[in-house]
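What follows is a short report on a single structure.
One-based numbering, in listed order, for ligands and for the atoms of each.
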Amino acid sequence: MSEKRIFSGIKPTGDLTLGSYIGAIKNWVELQNEYLCLYCIVDMHAITIRNDPETLRRRSLEQLAQYVASGLDPERNIIYIQSHVPQHAELSWILGCYSMLGELNRMTQYKDKVSKGEENLNAGIYTYPVLMAADILLYQSDLVPVGEDQKQHVELCRDIAIRFNHVYGETFKVPEPFVPKVGARIKSLTDPESKMSKSDDDPQGSIFIMDSPDQILKKVKRAVTDMENRVTFDTEKQPGISNLMTIYSSATGKDFDVITEEFEGKGYGAFKNAVAEAVIELLRPIREKSEEILADRAYLTEIYTSGAKRAAELAEPTLKLVVEKLGFVPRG
Ligand code: AMP
Ligand code: TRP
């Protein structure tokens with residue numbers, strides 16, 4: 001295998017946020033020149049929570065349009081929908097038999113749900129990281145670009161690959177997580193202690209990729225700050241301002257020192273206006289392009305159909321190797 005591979009995905013459970021853009025998609029765009037990249041809409045992960053069927057279908061297509069509008073080239077990259085490539089589910093079952101209950105019990109995403117006392121937790125929520133490992137290992141991926149919150153899942157994926165390779169000999173490439181230095185965990189604007197999330201109960205805390213300039217300006221202006229009145233990066237004392245600095249830095253490429261200097265003695269009002277302006281300009285072309293692409297249903301169908309075909313071709317040799325190693329009788 002000469003070409004290095006990347007796999008990443010986002011589940012279509014809500015509208016994409018500035019957090020998922022800065023933490024993941026922005027890096028996907030940068031990596032597409034150097035790697036063979038598979039960027040997936042992980043709809044099978046989405047059904048671990050209950051969705052209205054029409055909404056799930058709409059969100060999956062919108063997410064596809066937003067991937068392309070963000071700058072992912074559908075010819076150079078393999079962009080597709082997870083449920084269209086059944087090899088993910090097949091490998092997931094197999095890897096479940098090589099995942100330990102103790103490991104799954106330690107996954108913070110699952111533990112958080114349990115500790116919040118959420119009722120009726122289904123088995124899919126528990127085995128979610130196994131399906132994610134299957135996504136990654138199926139393609140012999142080298143690198144997995146994700147935000148901070150997914151690092152633990154990628155580490156579990158590595159452990160599963162190492163365990164399988166130990167029993168059966170070299171089968172899977174052991175992947176590395178790729179987490180950005182700035183912006184790996186964008187916080188909520190209204191609660192800078194918690195992650196900006198597409199499923200947040202408070203939509204004022206999240207900026208969505210499809211938000212209008214007016215909505216963005218309002219949300220940034222209302223963002224929680226502090227009484228220090230200095231634009232300095234200090235996540236302990238000034239979590240809200242530090243979060244806005246991270247957003248501003250990701251949108252403009254400016255370092256924290258440069259930002260502090262730029263707003264020396266200017267007050268939070270001026271800083272917030274500049275942050276809002278930068279985010280508006282960052283998202284404007286993506287929103288406009290998404291709307292254009294979304295209107296062309298035939299183009300979307302073509303992208304996900306050819307994506308799934310190419311993905312399945314890459315997945316098949318791995319699955320073949322795995323079932324041979326396990327001792328399944330080859331298909332006739
Ligand atoms: P999600 O939107 O939760 O499905 O996550 C999609 C991708 O975006 C994953 O790689 C996450 O790690 C990343 N991500 C989601 N929210 C944030 C955030 N607030 N800050 C940074 N990265 C994020
Ligand atoms: N679990 C990831 C999230 O919640 C989405 C995901 C599924 C993923 N499979 C993946 C990310 C494989 C990277 C690689 O964001």
For Val154, which part has a heavy atom under 4.0 Å from ligand 2: side chain, backbone, both, or neither?
neither
Can the ring centres of Tyr128 and Tyr110 be said to be less than 6.0 Å apart?
no
If we number the atoms of ligand 2 from 1 as shown, the ones under 4.0 Å from a heavy atom of Val144 are 13 (C), 14 (C)
Hey, do the aromatic rings of Tyr98 and Phe164 have their centres closer than 6.0 Å?
yes
To check your reading of the model: name the closest protein heavy atom to atom 2 (C) of ligand 2, its residue, and the distance in Å.
Gln150 OE1, 3.3 Å
Distance to 0.1 Å, residue and atom name: give those for the protein heavy atom nearest to atom 12 (C) of ligand 2.
Phe7 CE2, 3.4 Å
When distances are taken from atom 3 (O) of ligand 1, the protein heavy atom at minimum range is Lys195 NZ, 3.7 Å
Tell me the nearest of Gln63, Lys151, Lys198 to atom 1 (P) of ligand 1, using heavy-atom distances.
Lys198
Glu176/Arg158 salt bridge by N-O under 4.0 Å criterion:
yes
Tell me: protein heavy atom nearest atom 13 (C) of ligand 1, and distance?
Gly147 N, 3.9 Å
What protein heavy atom lies closest to atom 12 (O) of ligand 1? Include the residue and the distance to one decimal.
Asp149 OD1, 2.4 Å
Can you list the atoms of ligand 1 that are under 4.0 Å from a heavy atom of Arg185?
20 (N), 21 (C)
Proximity winner for atom 23 (C) of ligand 1, if only heavy atoms of Gly19, Ala24, Ser199 are counted
Gly19
Tyr168 side chain to Glu324 side chain, donor-acceptor N/O pair below 3.5 angstrom
no
Please compare Asp149, Asp135, Ile41 and report which has the shortest non-hydrogen distance to atom 9 (N) of ligand 2.
Asp135
Tell me yes or no: between the side chains of Gln152 and Thr108, is some donor less than 3.5 Å from an acceptor?
yes
Taking a cutoff of less than 4.0 Å between a non-hydrogen atom of the residue and any ligand atom, is Gly183 in contact with ligand 1?
yes
Reference residue Val130; test side chain to side chain contact (heavy atoms under 4.5 Å, CB included); the match among Leu156, Ile94, Asp135, Leu95:
Leu95
Among protein heavy atoms, which lies nearest atom 21 (C) of ligand 1, and at what distance?
Ala184 O, 3.1 Å
Looking only at non-hydrogen atoms, the one of Asp15, Val144, Ile25, Ile186 nearest atom 19 (N) of ligand 1 is Ile186
Which one of Val154, Val179, Leu31 satisfies the side chain to side chain contact (heavy atoms under 4.5 Å, CB included) criterion with Pro145?
Leu31
Protein contact of atom 6 (C) of ligand 1 - nearest heavy atom, named by residue and atom, plus distance
Ile10 CG1, 3.5 Å
Option with minimal heavy-atom separation from atom 5 (C) of ligand 2, where the choices are Ala24, Gly9, Cys40:
Gly9
Any atoms of ligand 2 less than 4.0 Å from a non-hydrogen atom of Val146? List them with their elements.
11 (C), 13 (C)
Geometric class of the Trp28/Tyr67 ring pair [parallel <30°, tilted 30-60°, perpendicular >60°]
perpendicular
State whether the shortest distance between N or O atoms of Gln150 and N or O atoms of ligand 1 falls below 3.5 angstrom.
no
Among Asp202, Asp200, Asp211, Asp214, which residue satisfies the salt bridge (Lys or Arg N to Asp or Glu O under 4.0 Å) criterion with Lys219?
Asp211
Provide the number and element of each atom of ligand 2 under 4.0 Å from a heavy atom of Ser8.
13 (C), 14 (C)
Ignoring hydrogens and geometry beyond distance, is a side-chain donor-acceptor pair present between Thr55 and Asp52 at under 3.5 Å?
yes
Do Gln109 and Gln150 have side-chain N/O donor and acceptor atoms under 3.5 Å apart?
yes
Tell me: protein heavy atom nearest atom 10 (C) of ligand 2, and distance?
Met132 CG, 3.4 Å
Closest non-hydrogen protein atom to atom 16 (N) of ligand 1, residue and atom name please, with distance?
Met196 O, 3.6 Å
To the nearest 0.5 Å, tell me how far Cys97 SG sits from Ile160 CD1.
11.0 Å
Which atom names give the shortest non-hydrogen contact between Arg163 and Glu103, and what distance separates them?
NH2-OE2, 2.6 Å
Counting non-hydrogen protein atoms only, what is the nearest one to atom 1 (N) of ligand 2? Give residue, atom name and distance.
Tyr128 OH, 2.8 Å
When you measure from the centre of the six-membered ring of Phe263, is the NZ or CZ of Lys266 closer than 6.0 Å and no more than 45° off the axis?
yes
Atoms of ligand 2 less than 4.0 Å from Lys11 heavy atoms?
3 (C), 4 (O)
With heavy atoms under 4.0 Å as the rule, classify the contact between Ser8 and ligand 1 as side chain, backbone, both or neither.
neither
Are any of the N/O atoms in Pro145 less than 3.5 Å from those in ligand 1?
no
Can a side-chain donor-acceptor contact be found between Asp43 and Ser83 if the only test is distance below 3.5 angstrom?
yes
Is Ser197 near ligand 1, meaning one of its heavy atoms is under 4.0 Å from it?
no
